[in-house]
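Structure first, then comments.
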Amino acid sequence: MNKHWLIVIVASVFEVLWVVGLKHSYDVWTWGGTAFAIVFTFYLLLVAGRYLPVGTVYAVFVGLGTAGTVITGILFFDEPFKISKILLIILLLVGVMGLKIVTDDKKEDAE
């Protein structure tokens with residue numbers, strides 16, 4: 001994995017933070033952290049999109065963010081654990097990994 005894909009993963013982590021922040025922010029500091037996470041997430045996506053195919057970047061970003069948000073809800077916010085949720089997240093992640101595997105990173109290699 002190269003640094004541009006690592007940027008996409010970091011952006012996905014910050015996506016989870018701001019999605020959770022949208023629900024659980026309650027004062028100026030938590031809303032400020034949420035706003036920072038939103039801006040930083042999209043900055044990282046712009047950087048990664050310069051070097052990687054933007055469709056694949058977005059698909060990986062959304063897939064990882066969705067999985068991270070569901071898992072965070074289960075682990076930290078008492079959302080119900082259902083085996084069907086976990087199986088569907090696994091299916092989503094398999095699809096995202098498959099998309100990354102079949103994507104030609106020619107633009108990345110030229111940089």
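Quantities reported herein were computed from a predicted structural model and do not represent experimental measurements.
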Would you name the heavy atoms of [X] and [Y] that are closest together and state the gap between them?
X: Leu93; Y: Ala67; answer: CD2-CB, 4.0 Å
X: Ala48; Y: His4; answer: CB-O, 4.0 Å
X: Leu99; Y: Ala59; answer: CD2-CB, 3.4 Å
X: Ala11; Y: Phe61; answer: O-CE1, 3.5 Å

### Task
Tell me, with the steps shown, if Phe42 and Leu46 meet side-chain contact (heavy atoms from CB on, under 4.5 Å).
CA-CA 6 Å; Phe42 288 104; Leu46 289 170; 5.6 Å; no
Under 4.5 Å between side-chain heavy atoms, hopping through other hydrophobics if needed: is there a path connecting [X] to [Y]?
X: Leu17; Y: Val20; answer: no
X: Leu44; Y: Val19; answer: no
X: Val8; Y: Val94; answer: yes
X: Leu52; Y: Val62; answer: yes
X: Val96; Y: Phe14; answer: no

### Step-by-step side-chain contact (heavy atoms from CB on, under 4.5 Å) determination, Ile86 to Ile74
CA-CA 10 Å; Ile86 302 305; Ile74 291 169; 4.1 Å; yes
Would you call [X] and [Y] a side-chain contact if the rule is heavy atoms closer than 4.5 Å?
X: Thr56; Y: Trp5; value: yes
X: Tyr51; Y: Ile7; value: no
X: Leu22; Y: Trp31; value: yes
X: His24; Y: Phe77; value: yes

### Task
Take Val57 and Leu45 through the side-chain contact (heavy atoms from CB on, under 4.5 Å) test and state the conclusion after the steps.
CA-CA 8 Å; Val57 165; Leu45 283 178; 3.8 Å; yes
### Query
Taking everything shown except Asp78 itself, do over 12 heavy atoms lie less than 6.0 Å from its CG?
no
### Message
Check this for me: Phe76, atom CZ, are more than 12 non-hydrogen atoms of other residues, nucleotides or ligands nearer than 6.0 Å?
### Response
no
## Note on the structure
Of Val70, Leu64, Thr66, the one forming a side chain to side chain contact (heavy atoms under 4.5 Å, CB included) with Leu92 is Thr66
### Message
Can you tell me how far apart OG1 (Thr41) and CZ (Phe36) are? Round to the nearest 0.5 Å.
### Response
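One finds 8.5 Å between OG1 of Thr41 and CZ of Phe36.
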